[in-house]
Chemist: 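I'd like to ask you about the structure that follows.
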Amino acid sequence: MMNRFSLAPMAAALVLGSVSSSAVADNRDVAARLAALEARVTAAEERAQQAEAQVARLTAERTAVATPAPATPRQASPDAPAQTTAQTGKGSNAEIEARLAALEKQSARPDDFEFSVYARSGLLLGDQGKSLPGGPYVTPAGSVGGAVGRLGNEPDTYVHARFNHLTTYDNGAKQRFQFALADSVTTSNDWTATESSLNVRQVFVELSDLPSFRGTAFENATLWAGKRLDRNNFDVHWIDSDVVKLAGVGGGVYDVALGDDWRGNFSLYGRSFDNFSVNPENTQLSADTDSLILTANNYVGPWQVMLSALSANDNDQRVVPGNGRAADSGVHGLLAYRGDSFFGLGEGTFMAALLHGEGLGAEVKQIGANGELLDDASATRLAVYGTTYLAPYWRIAPSLLTEVSHDRFVRGDDYFWATLNARLANEITENFEMQYEASFQTMDLDPKGYKGRRQVQGDFGKLTIAPTFKPAVGGFFQRPELRLFASYTAWDHELNDFASDDAFGEQGYSGGQWSFGVQAETWF
């Protein structure tokens, strides 16, 4: 702390000088204001000194993990000489104000800005030169989450753009604000405003490295609030299916240290169930409610244990088919393991996850997103996938996703599906590779007439060849990629009878046919 000149002699001179009574009063007022300003400067300088010490500690602590060092601490302005023009109070008053403004305006370091994107866009045509239905959820099992391989099977343009503003404060605290937009269309036109589904996907604020938490279990924790996709969502990319997805509006905390190798995330998300009928005799009567999801997500070494409790007050008043009752509560659990080898067989990675939910938790992928589930609905899902090199220039990414559910929307309904998918790549040159994908799905669906759907049982298969260009080959998760592709799809004709409003059975799309196209996919 620098030496400061004392305001007491100045105040004494003003009081004891040969001045009129009104001047004495004025000088007393000036002295009081200067004393108050001096106290504010003292407090600000003390905060600056504490921030410098905190920055020094943070620099030492973070050297081991290669975190960029904080900016050099700022130096406070030197004090003015004691003989400054104190007689009028104007010079010292202005100088103190300037010192105060300089200190208080230097509360934050220069801001950072980040921009990141996931995007894809492509053209999917049938063998007659007309566009075709497509996407990973094109099969009847897609109505209950059954995805198939996406390579050479996507007809849409989709973009999710994220804008991040980051600030690091002199005391080491950090904030991140994210604003994200997403849009999806299937038309090939250049102007799609009337068909767009442009959406504000995320708006949230995070706070981390808070000095108040130093030395506690929250020292490395991140607080957040707003609308977001949970940070720890994860998916099987090759079939475009989340293993688990937690999203909505709420708040929580990440990375609470609960043990030497145990960290926990805790959150409360809200979602909305809107305009559902509550009176079978009067379809004009409708209601809405909030779906609340309280989650504890624990990471212990390579294991993840995620538990959620769900509630949607008054959702049980919803009119549902048959004699069932809509759920107003539920539970959801996930047990996952992340391996640092290819199932213990060699270099690579793998993940396995087992999910189970009941009531509102029976939508096991997107937790709390479906208000039509019955109170005794249950669902169990298994997801397994991995990546490895079979040979120096050949890599493979197999995956298995399967689910069984009962009493989902109508009492007595029963759904089973399983998808086995494998993507193979042969690296030809530094910038070119041949990609191949084989996808097989079997299903046995008995919806008990839900939405006019009929019971079906059968299989779906797809083979795709895709010459692919990229800046550098060498991994399934390196983008961008520009692809040409040809796919052959076939399925049991019985699946065409599942529903009158899905793609199967449409004229020109009944199985046993080729499709062709081009696609770009990128993320950064």
Side-chain angles (χ1 to χ4, degrees), residues 143-145 224-233 242-254 264-280 285-298 304-336 353-383 403-416 446-448 450-451:
S143 64
V144 285
W224 67 269
K227 176 183 181 180
R228 74 176 302 166
L229 306 175
D230 195 72
R231 189 190 70 184
N232 296 94
N233 292 336
D242 292 291
V243 174
V244 66
K245 179 180 179 181
L246 186 60
V249 177
V253 55
Y254 293 132
N265 301 343
F266 305 92
S267 64
L268 176 66
Y269 278 94
R271 299 181 63 89
S272 297
F273 298 155
D274 298 322
N275 300 322
F276 54 83
S277 177
V278 296
N279 188 331
L285 292 178
S286 63
D288 57 72
T289 188
D290 294 305
S291 170
L292 302 177
I293 309 116
L294 182 64
T295 299
N297 204 350
N298 299 276
Q304 177 184 356
V305 180
M306 181 179 182
L307 301 172
S308 299
L310 300 90
S311 175
N313 189 32
D314 294 335
N315 192 60
D316 57 343
Q317 298 179 20
R318 176 194 297 266
V319 174
V320 296
N323 57 356
R325 188 181 73 167
D328 61 358
S329 62
V331 293
H332 180 282
L334 172 146
L335 176 65
L354 179 65
L355 304 90
H356 180 77
E358 298 184 358
L360 289 175
E363 171 48 64
V364 292
K365 181 177 76 171
Q366 189 166 353
I367 306 175
N370 196 329
E372 297 185 35
L373 294 164
L374 300 184
D375 56 0
D376 42 358
S378 67
T380 302
R381 176 179 290 200
L382 174 67
E403 181 180 290
V404 59
S405 59
H406 308 280
D407 299 319
R408 194 180 187 104
F409 305 117
V410 178
R411 186 160 292 174
D413 66 13
D414 187 61
Y415 298 88
F416 165 78
D446 185 5
K448 297 297 183 186
Y450 176 69
K451 293 187 175 180

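In this chain, numbering begins with 1 at the start of the sequence shown. Keep in mind that the numbers below use all heavy atoms, side chains included, and drop hydrogens, waters and symmetry copies.
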Chemist: Which heavy atom of G248 sits nearest a heavy atom of Y269, and at what distance?
Modeler: N-CD2, 3.4 Å
Chemist: What is the minimum heavy-atom distance between T295 and S308, and which atoms define it?
Modeler: OG1-OG, 2.8 Å
Chemist: Looking at L374 and V410, what are the two nearest heavy atoms and their distance?
Modeler: CD1-C, 3.7 Å
Chemist: Nearest 0.5 Å, what's the CG-CG distance between N313 and L292?
Modeler: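 Output value for this atom pair is 9.0 Å.
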Chemist: Can you list everything that forms a side-chain hydrogen bond (donor to acceptor under 3.5 Å, both in side chains) with S291? Sequence neighbours excluded, please.
Modeler: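 So S291 forms no side-chain hydrogen bond (donor to acceptor under 3.5 Å, both in side chains) with any residue.
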Chemist: Going by the rule side chain to side chain contact (heavy atoms under 4.5 Å, CB included), which residues pair with S272 if we only count those two or more places apart in sequence or in a different chain?
Modeler: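 S272 satisfies side chain to side chain contact (heavy atoms under 4.5 Å, CB included) with D274, D290 once adjacent residues are dropped.
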Chemist: Does the side chain of R411 reach to within under 4.5 Å of the side chain of V320, using non-hydrogen atoms?
Modeler: no
Chemist: Atom CG of N298 and atom CG of L334: how far apart are they, to the nearest 0.5 Å?
Modeler: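 Reported to 0.5 Å precision, the distance equals 11.5 Å.
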Chemist: Any chance you could lay out the side-chain contact (heavy atoms from CB on, under 4.5 Å) test for H332 and L355, step after step, and finish with the verdict?
Modeler: CA-CA 8 Å; H332 180 282; L355 304 90; 4.0 Å; yes
Chemist: Not counting sequence neighbours, which residues clear side chain to side chain contact (heavy atoms under 4.5 Å, CB included) with S378? List them please.
Modeler: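 Counting only residues at least two positions away or on another chain, S378 forms a side chain to side chain contact (heavy atoms under 4.5 Å, CB included) with H356, E358, H406.
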Chemist: Check V364 against G357 and note the closest heavy-atom contact, atom names and distance.
Modeler: CG1-N, 3.6 Å
Chemist: Drop me the distance from K365's NZ to N370's CG, to the nearest 0.5 angstrom.
Modeler: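 So the gap between those two atoms works out to 11.5 Å.
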Chemist: Nearest heavy-atom pair of W224 and G250: which atoms, and what distance?
Modeler: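 Shortest heavy-atom separation between W224 and G250 comes out as CZ3-O, 3.3 Å.
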Chemist: Side-chain contact test, heavy atoms from C-beta onward, threshold under 4.5 Å: evaluate it for I293 versus L360 and give yes or no.
Modeler: no
Chemist: Just grab all the salt bridge (Lys or Arg N to Asp or Glu O under 4.0 Å) pairs involving residues 308-317, residues at least two apart or on different chains.
Modeler: none
Chemist: So, using side-chain hydrogen bond (donor to acceptor under 3.5 Å, both in side chains) as the criterion, who are the partners of D375 when residues are at least two apart?
Modeler: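 side-chain hydrogen bond (donor to acceptor under 3.5 Å, both in side chains) check on D375 returns R325.
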Chemist: Considering residues at least two apart in sequence or located in another chain, which fulfil the side-chain hydrogen bond (donor to acceptor under 3.5 Å, both in side chains) criterion with D413?
Modeler: none
Chemist: I'd like to check the side-chain hydrogen bond (donor to acceptor under 3.5 Å, both in side chains) partners of D328; sequence neighbours left out, ordered by chain and number.
Modeler: none
Chemist: Under the salt bridge (Lys or Arg N to Asp or Glu O under 4.0 Å) test, which residues partner R408, sequence neighbours left out?
Modeler: E363, E403
Chemist: Determine, stepwise, if the pair V144 / S405 fulfils side-chain contact (heavy atoms from CB on, under 4.5 Å).
Modeler: CA-CA 9 Å; V144 285; S405 59; 5.6 Å; no
Chemist: Apply ring-ring contact (aromatic ring centres under 6.0 Å, His included) to Y450 and list each qualifying residue two or more places apart in sequence or on a separate chain.
Modeler: F409
Chemist: Could I get the full list of salt bridge (Lys or Arg N to Asp or Glu O under 4.0 Å) partners for D242, not counting sequence neighbours?
Modeler: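 Not a single residue meets the salt bridge (Lys or Arg N to Asp or Glu O under 4.0 Å) criterion with D242.
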Chemist: Could I get the full list of salt bridge (Lys or Arg N to Asp or Glu O under 4.0 Å) partners for K245, not counting sequence neighbours?
Modeler: none
Chemist: Do we see a donor-acceptor contact under 3.5 Å between the side chains of N265 and N232?
Modeler: yes
Chemist: Check N315 against F273 and note the closest heavy-atom contact, atom names and distance.
Modeler: OD1-CD1, 3.7 Å
Chemist: Please check: side-chain N/O of N233 versus main-chain N/O of L246, any donor-acceptor pairing under 3.5 Å?
Modeler: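 Looks like yes, one N/O pair under 3.5 Å.
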Chemist: Got a sec, which residues hit salt bridge (Lys or Arg N to Asp or Glu O under 4.0 Å) with R318, two or more places apart in sequence or on another chain?
Modeler: none
